[in-house]
Amino acid sequence: MLTSAHVSENYFLESRHMLLEIAAHFDRYEAAVAREAGGMTNGRAAARPGEDGRMARLREALAILAAPRPEGERTVALLELFAQD
Amino acid sequence: MQIIQPHYHAIARTAQDYERMAMSGVVAVAEPAFWAGFDRLYPETFIDYFRQISEFEPTRAAQYGIRHFSWVAVNPKEAENPTLTREVLKHFPEFFAKPTVLGVGETGLHKSTKNECDSLEAHVEIAMQHGQLVLIHTPHLADKAHGTKRVLEVLAGMNVDRERIWIDHVEEQTIRPCLDAGYWVGFTLYPITKCSPKRAVDMLEKYGTERILVNSSADWGPSDPFTLQECILEYRRRGHSLQEAIDVFHNNPCRFLGQNPKFDIQPIRVETLSREGISA
């Protein structure tokens, strides 16, 4: 079994990479929304009350990941979240 | 589709890579001088390395119909040995005379120390004196933003032809100042630690395609030359035309590298023949 230090060391860059991909996904989505709306506001799309449900689900997932001490495993929580769709 | 891989460390790769690249449309690669994984101690080690990439490697690539070009430099990681750097720099002109050497690279910064900045300046200076192109490495990960800023500061203090300088490994937080200053920039596609194919396409869509090169680097570390083809697929899947893809992944390398007349591959345009044209 790995130590906590090894877990952090071994998987940090991979997780960094995946988070950047998610960040790019959100940026890509907002850029597309702005194009469809015909303009940008300060380089960003305006607030979207009717956001695509899948994007909203991803935001919920990120909130689960950001919680310091979830009750159960994060993977289980996310799988259950995505199973609601 | 014809593709040019403008940053490729061929000596770290197998012939199988050449074979697969040729089968996927790669017509040329350009190999900058790289770090060997350890700090070299002797000028002669560099000289033999430069001979390998400027004399031997083109023959290996030619077996697969791929043109091979190269660059010479002391790697930024080895700049903490200024005596060695000075000795190696003395030999650059003899390599500039080789038929496939395009210029000085990859020079640049790693930890942005004073010695690294001095080495970068010396590399750019000799390149400009000899009318050579320049390829500049920017640091990885946490050091990238500061290192790129220092690269721009060093260059700003010199008399350089900005259109002949390519600042590589830019990402979302560093691309704008490099383009705004008039340099070419490169996206380096790595599986984990640099830019990804999807993010590269995002930047192409945001900043346009002018003065942008896309490459896989592909060295002895975790890397994959076919991230370039993955990027082309992503670009095409988003609805960009074949000609637009050719402009980015073939013609842009021709435009930048072709500033050195040794790189004689010309930009290409797709033409649809009429029925009359086909039967004629």
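Chain letters run A, B, ... following the sequence lines, proteins first and then strands; every chain starts at 1.
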Heavy-atom neighbours of [X] [atom1] exceed 12 at 6.0 Å:
X	atom1	answer
Arg162(B)	CZ	yes
Glu153(B)	CD	yes
Lys77(B)	NZ	yes
Glu21(A)	CD	yes

*asked:* Measuring only between side-chain heavy atoms, which start at C-beta, is Arg28(A) closer than 4.5 Å to Val201(B)?
replied: no
Checklist entry - Do the side chains of His25(A) and Lys198(B) get nearer than 4.5 Å, heavy atoms only? => result no
Output for pair (Ile192(B) CD1, His17(A) NE2), nearest 0.5 Å, gives 4.5 Å
